[in-house]
Asker: 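A single structure is presented below for examination.
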Amino acid sequence: MRSLAAAVVLVWLLGCWSRPARGQPVERATTGSALNWSRLPGTETCPDVTELARRIDDHLRREAFTSPAQATLLVDATIEAVQPQGFRVRIILSGAEAEPGVRELESPGVDCSDAVDAAALAIALMMPPDAAAASRPTTTPTTTSEPRQLAVTPTDTALPAKTDNDAPRADSWHTRLAVGALGSVGPLPGASAGLIANLRELRAGASLAIDLSVAYLAPRRASWSPTSGTDFSQQALNLTGVWRRRLDGPLEVSVGAGVQLAGTSARTFGSTASHDFTSLGVSALLEGEGAWHADEHWLLLARLTGGMPVWNESYDVVIDGRNQSVFDPAPVFCSLWLGLGLTL
């Protein structure tokens, strides 16, 4: 009996020694990482947390996550839509196994899956190697390999600068061509009409331009008898420097100053001394122009020109043995022309 009692006491003592004390916490092995994935309004169709975890596992070649109750590292990721298109992912890493970290990524594409791929790669790179290794083991070999490269666009990445091909150069030159109907008073007897062609070279963004015009005035007659007289016509070349300014809307105004080189042809008839001749003249010019732009290429324009002859030959013929002046040019002349222009 004594032996039996001693054995019972010994078993009771061993059981008390191995039982934890009342109120003493039981230590639980907590290792691994937990993943939280939030999809904000507008991203409901994006892959869920299971798909995100699978893509992270593919990068790490192991199962990276366990339940939150057993995890010592928390990965909290959020995805939201941005305007005009694209997605933004915010990743927060916290826990005892890693220093807290925050990272934001942006994917400019319209496919949400691309943004999730970028987030999976970023999370795999942010996780400490020991935290990944402490997660649930699988039969997959633990040898790591290079993760596949995905397009990740950080929020602080600057957009590529525009090249010279994306915008017009400030020093590029443009050509404006115009044709129109011309009316003039002074160069020929009475009022005369004709045609004009104009070329203007202008630099983009500049206020100065070079202007070249070629004009033709149809013949006008000066008669000194019912059967005799002289027909006058003129060809002129105008070269001016122009200052121009684009006003609000489609209107543009310009002023210019330059020189005219003119050749006046005269043909006499009904006289014993009938002959043809051409005289040259040089005049100073002042011009003002208004142009209305229908679009970036086509425009309507009106130009008023005033001139003063600096040098010209006289128009004299011999009538009945006497030298007689047929036409005396005015000391000033003016012209107006209306035309259609095209900017190249």
Asker: Could you list the donor-acceptor pairs under 3.5 angstrom formed between side-chain atoms of residues 35-43 and any protein atom two or more places apart in sequence or on another chain?
Answerer:
residue : atom : partner : partner atom : Å
Asn36   : ND2  : Asp76   : OD1          : 2.9
Trp37   : NE1  : Pro47   : O            : 2.8
Arg39   : NH1  : Glu44   : O            : 3.3
Arg39   : NH1  : Cys46   : O            : 2.6
Thr43   : OG1  : Leu40   : N            : 3.1
Thr43   : OG1  : Leu40   : O            : 2.5

Asker: Going from CG on Asp117 to CZ on Arg55, what distance comes out if it is rounded to the nearest 0.5 angstrom?
Answerer: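 One finds 4.5 Å between CG of Asp117 and CZ of Arg55.
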
Asker: What distance separates Leu105 CG from Arg90 CZ, expressed to the nearest 0.5 Å?
Answerer: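 Going from CG on Leu105 over to CZ on Arg90, the span is 11.5 Å.
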
Asker: Going by heavy atoms in the side chains, are Leu301 and Trp337 under 4.5 Å from each other?
Answerer: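 Leu301 reaches Trp337 side chain to side chain.
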
Asker: Could you see if Ile91 belongs to whatever hydrophobic cluster contains Leu74? Use Ile, Leu, Val, Met, Phe, Trp, Tyr and a side-chain cutoff under 4.5 Å.
Answerer: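 Different hydrophobic clusters.
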
Asker: Pairs in or reaching into residues 187-199: which pass salt bridge (charged side-chain N to carboxylate O under 4.0 Å, His left out), with residues at least two apart or in two chains?
Answerer: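 For residues 187-199, and leaving out neighbouring residues, there are no salt bridge (charged side-chain N to carboxylate O under 4.0 Å, His left out) pairs at all.
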
Asker: For a 4.5 angstrom cut-off between non-hydrogen side-chain atoms, does Leu73 reach Leu93?
Answerer: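 Side chain of Leu73 against side chain of Leu93, heavy atoms only: contact under 4.5 Å found.
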
Asker: Would you give the length of the straight line joining atom CH2 of Trp311 to atom OG of Ser279, rounded to the nearest 0.5 angstrom?
Answerer: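 Here the interatomic distance stands at 8.0 Å.
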
Asker: Could you pull out all residues at least two apart from Glu289 that satisfy salt bridge (Lys or Arg N to Asp or Glu O under 4.0 Å)?
Answerer: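 Residues passing salt bridge (Lys or Arg N to Asp or Glu O under 4.0 Å) with Glu289: Arg176, Arg200, Arg303.
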
Asker: Would a 4.5 Å heavy-atom cut-off, applied to side chains only, mark Phe87 and Val82 as touching?
Answerer: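 Phe87 does not reach Val82 side chain to side chain.
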
Asker: For a side-chain contact (heavy atoms from CB on, under 4.5 Å) with Ser213, tell me which candidate from Leu237, Leu239, Leu199, Ile196 qualifies.
Answerer: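 That would be Ile196; it is the only one of Leu237, Leu239, Leu199, Ile196 passing the side-chain contact (heavy atoms from CB on, under 4.5 Å) with Ser213.
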
Asker: Mind checking salt bridge (Lys or Arg N to Asp or Glu O under 4.0 Å) for Glu80 and listing every partner two or more places apart, or none if nothing turns up?
Answerer: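 For Glu80, the residues satisfying salt bridge (Lys or Arg N to Asp or Glu O under 4.0 Å) (neighbours in sequence not counted) are Arg88.
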
Asker: Side-chain contact test, heavy atoms from C-beta onward, threshold under 4.5 Å: evaluate it for Ile79 versus Cys112 and give yes or no.
Answerer: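 SC-SC contact between Ile79 and Cys112 confirmed.
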
Asker: Are Leu336 and Leu299 linked, directly or through other ILVMFWY residues, by side chains that come within less than 4.5 angstrom of each other?
Answerer: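 No: no chain of side-chain contacts under 4.5 Å links Leu336 to Leu299.
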
Asker: Quick one: are Leu342 and Trp298 in side-chain contact, heavy atoms under 4.5 Å?
Answerer: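 Yes, their side chains come closer than 4.5 Å.
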
Asker: Looking only at the side chains, is there a donor atom on one of Gln234 and Ser265 sitting less than 3.5 Å from an acceptor on the other?
Answerer: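 Side chains of Gln234 and Ser265: no pair found under 3.5 Å.
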
Asker: As an exercise, state the distance from CG of Asn238 to CG of Asp211, rounded to the nearest 0.5 Å.
Answerer: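 Answer for the CG-CG pair, Asn238 versus Asp211, is 8.5 Å.
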
Asker: If you measure from CG on Leu177 to CG on Asn198, what distance do you get to the nearest 0.5 Å?
Answerer: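 Taking CG in Leu177 and CG in Asn198, the distance rounds to 8.5 Å.
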
Asker: As a test of understanding, state which of Asp57, Asp58, Thr50 forms a side-chain hydrogen bond (donor to acceptor under 3.5 Å, both in side chains) with Arg54.
Answerer: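 One option only clears the test, and that one is Asp58.
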
Asker: With Val259 as reference, evaluate Val310, Thr240, Leu285, Val282 under the side-chain contact (heavy atoms from CB on, under 4.5 Å) test and give the passing residue.
Answerer: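 Exactly one candidate clears the test, Val282.
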
Asker: Mind jotting down which residue pairs meet the disulfide (SG to SG under 2.5 Å) criterion with at least one end in residues 212-252? Sequence neighbours excluded, please.
Answerer: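 Non-adjacent pairs meeting disulfide (SG to SG under 2.5 Å): zero.
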
Asker: Side-chain heavy atoms nearer than 4.5 Å, only ILVMFWY residues, links allowed to pass through others: does that put Leu344 and Leu300 together?
Answerer: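 Hydrophobic grouping puts Leu344 with Leu300.
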
Asker: For the atom pair NE2 (His293) and CG (Leu251), what is the distance rounded to the nearest 0.5 Å?
Answerer: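 One finds 8.0 Å between NE2 of His293 and CG of Leu251.
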
Asker: Do Phe232 and Pro187 have side chains that approach each other closer than 4.5 Å (heavy atoms only, starting at C-beta)?
Answerer: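 Counting from C-beta outward, Phe232 and Pro187 never come under 4.5 Å.
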
Asker: Can you confirm whether more than 12 heavy atoms, excluding those of Ile210, are under 6.0 Å from its CD1 atom?
Answerer: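 Not buried by this count: 12 neighbours or fewer within 6.0 Å.
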
Asker: Within a strict 4.5 Å, meaning less than it, do heavy atoms of the Leu182 and Ser335 side chains meet?
Answerer: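 SC-SC contact between Leu182 and Ser335 confirmed.
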
Asker: Which salt bridge (charged side-chain N to carboxylate O under 4.0 Å, His left out) pairs, counting each pair once, include a residue from residues 212-221, with sequence neighbours left out?
Answerer: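 Listed by first then second residue: Arg221-Asp231.
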
Asker: Taking the side chain as every heavy atom from C-beta outward, state whether Leu125 and Leu121 have any atom pair closer than 4.5 Å.
Answerer: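 The answer is yes; the side chains approach within 4.5 Å.
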
